[in-house]
Structures are given as structure tokens and as C-alpha cells.
Amino acid sequence: MLTINLGAYLWAGLLSPATGSIAIAAGRTETFNAQNGVSALVTPSEKLELEFLREVIAQNSERGDPIVCLPYCPGIAFMTERRMLLGNFYVDESYLVREPGWLSEAIELTREAKPAVIIVVDWAINGTEESRFTSWATSYVAVADELSHDKAVHGTITAYML
């Protein structure tokens, strides 16, 4: 019985990308070099997204500048040697239940600080359309659009340049 359980555990674990195992390495054939010196193997589509983010941030801000990246992407600030303006690194539609003033506070801070770049990754964070940032935070997206002098889109990623 132990052999069957161990075999099932290894089969499920090694073949599931969620475990960070061999399966997650499949298709990761491209090298991406971040501005902070970190290199990683990524898929070709991930490389295109990461290069888009690296370039748009590098061209529109300076090292150490605050940026906004929503709903969850502090790694983008890390890889571009920038810092996060907002103190919350993870926000979804349920966040407003715990912190009902978050959206208006984030808008106010963004208006005051005028970060060089705002990144919105519009993925269904909880697997629902309602959990997309553009669905539940339309007022923030409207402010980003209002404050920006330009924007660039790559798939579900929108970069607003202020």
C-alpha cells in the first residue's frame, strides 16, 4: 500500500505545475534577464510579456522610482529595480470586504504621488470575470487612464505612463 501511495504522490507531484516540479519546467526554453541581474528560464510567451514589462518600465521611469502594479505583481517592481507605491501587494474583489476604503485610498495616493508607470494585469485572479481588476476597480482604471499621457497594451497587460 505504501508503494501505491508513494507512486501516486510522485506521479501527481512531478506532473503538476502547481508543485513547482519537473512539469513547470516543461516548455521553459527561453532565458529572460531582468534588470536586477536575475536570469530565469521562461516559456516563449512569458518572455514576451516580461520583456514588454521590462522595456515599458525602463523607458518611462528611473531605478528606484515607485510604480503601481495591480492586482498582484510585486515581482515586476523587483525585476525592474523599482519599488511598489502601494503597500498592498495582493488585491482582489474580496479585498474590499476587509478594507472597504482601499480603492479610494489607492486612487488618492496615486493622484498625489503620480507614479511613473501603472501596470494593470487583467487576469481572472479567482477564476471569475468579477475578479478581474477592470471589473471591480473600474474607478481606479479610469483614474489611471485620466492621468496617463500614453498607454501600451500587451495581451491582458496594460501599462499606463504618467
Side-chain angles (χ1 to χ4, degrees), residues 17-18 20 24 27-162:
I24 202 166
R28 293 181 182 270
T29 56
E30 301 290 323
T31 301
F32 171 74
N33 298 305
Q35 286 176 297
N36 63 0
V38 173
S39 293
L41 283 178
V42 297
T43 67
S45 63
E46 289 171 335
K47 184 174 183 174
L48 290 173
E49 287 181 351
L50 292 168
E51 286 176 340
F52 165 77
L53 289 164
R54 182 186 61 202
E55 296 309 312
V56 78
I57 292 169
Q59 291 171 8
N60 293 284
S61 64
E62 299 293 324
R63 178 187 287 166
D65 280 353
I67 64 170
V68 172
C69 189
L70 295 163
Y72 174 76
C73 37
I76 293 170
F78 176 72
M79 76 171 199
T80 58
E81 297 182 301
R82 302 320 190 254
R83 60 187 181 85
M84 298 289 281
L85 174 66
L86 304 177
N88 307 90
F89 294 152
Y90 177 93
V91 293
D92 64 6
E93 78 280 16
S94 68
Y95 195 78
L96 298 181
V97 174
R98 296 184 307 277
E99 299 287 334
W102 179 84
L103 194 53
S104 59
E105 291 167 9
I107 288 170
E108 182 180 340
L109 180 56
T110 301
R111 282 188 184 282
E112 289 173 8
K114 292 190 180 64
V117 181
I118 297 173
I119 303 291
V120 174
V121 182
D122 198 30
W123 57 295
I125 196 167
N126 291 326
T128 64
E129 287 302 308
E130 295 81 17
S131 66
R132 289 184 186 280
F133 191 77
T134 56
S135 293
W136 65 267
T138 55
S139 57
Y140 190 91
V141 173
V143 167
D145 204 37
E146 168 197 323
L147 295 175
S148 68
H149 63 80
D150 197 10
K151 72 179 177 181
V153 178
H154 179 87
T156 60
I157 303 168
T158 303
Y160 300 88
M161 283 66 81
L162 279 61

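We're numbering straight along the sequence, starting at 1.
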Distance check, rounded to the nearest 0.5 Å: [X] atom [atom1] versus [Y] atom [atom2]?
X: Glu81; Y: Arg63; atom1: CD; atom2: CZ; value: 4.0 Å
X: Glu129; Y: Glu93; atom1: CD; atom2: CD; value: 11.0 Å
X: Glu55; Y: Asn60; atom1: CD; atom2: CG; value: 10.5 Å
X: Ser148; Y: Lys114; atom1: OG; atom2: NZ; value: 12.5 Å

| message | Evaluate Val68 against Ile119 for side chain to side chain contact (heavy atoms under 4.5 Å, CB included), listing each step before the verdict. | response | CA-CA 6 Å; Val68 172; Ile119 303 291; over 6 Å; no
Is there a side-chain contact between [X] and [Y] (heavy atoms, below 4.5 Å)?
X: Tyr140; Y: Thr110; result: yes
X: Ile157; Y: Val153; result: no
X: Ile107; Y: Leu109; result: no
X: Met79; Y: Leu53; result: yes
X: Ile118; Y: Ile67; result: no
X: Thr29; Y: Leu41; result: no

What heavy-atom pair brings [X] and [Y] nearest, and what distance separates the two atoms?
X: Pro66; Y: Pro115; value: O-CB, 3.6 Å
X: Trp136; Y: Glu130; value: CD1-O, 3.5 Å
X: Pro71; Y: Val121; value: CD-O, 3.1 Å
X: Ala159; Y: Phe52; value: CB-CZ, 4.3 Å

Main-chain N/O of [Y] paired with [X] side-chain donor or acceptor, under 3.5 Å:
X: Arg82; Y: Glu62; result: yes
X: Thr128; Y: Ser131; result: yes
X: Thr138; Y: Ser135; result: no
X: Asn36; Y: Val38; result: yes
X: Lys47; Y: Thr31; result: yes

| said: Apply side chain to side chain contact (heavy atoms under 4.5 Å, CB included) to residues Leu70 and Cys73 and explain how you reach the verdict. | reply: CA-CA 6 Å; Leu70 295 163; Cys73 37; 5.8 Å; no
Identify whether the distance between the nearest side-chain nitrogen and carboxylate oxygen of [X] and [Y] falls below 4.0 Å.
X: Glu146; Y: Arg111; answer: yes
X: Arg28; Y: Glu46; answer: yes
X: Asp65; Y: Arg83; answer: no

| message | What verdict does the side chain to side chain donor-acceptor pair (under 3.5 Å) test give for Ser94 and Asp92, after you've listed the backbone C-alpha separation in whole Å, the side-chain angles of each residue and the deciding distance to 0.1 Å? | response | CA-CA 5 Å; Ser94 68; Asp92 64 6; 2.7 Å; yes
| message | With no hydrogens and no angle check, just 3.5 Å: does a side-chain donor-acceptor pair link Thr134 and Asp122? | response |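 A donor-acceptor contact under 3.5 Å links the two side chains.
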| query | For the residue pair Trp102 and Tyr95, does the interplanar ring angle fall in the parallel (under 30°), tilted (30 to 60°) or perpendicular (over 60°) class? | reply |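 Taking Tyr95 first and then Trp102, their aromatic rings stand perpendicular (interplane angle over 60°).
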| Which is it for Val117 and Tyr160 under the side chain to side chain contact (heavy atoms under 4.5 Å, CB included) test, yes or no, and what are the steps along the way? | CA-CA 6 Å; Val117 181; Tyr160 300 88; over 6 Å; no
| task | Give the C-alpha distance, both sets of side-chain angles, the deciding distance and a yes or no for side chain to side chain contact (heavy atoms under 4.5 Å, CB included) between Arg54 and Phe32. | result | CA-CA 10 Å; Arg54 182 186 61 202; Phe32 171 74; 3.4 Å; yes
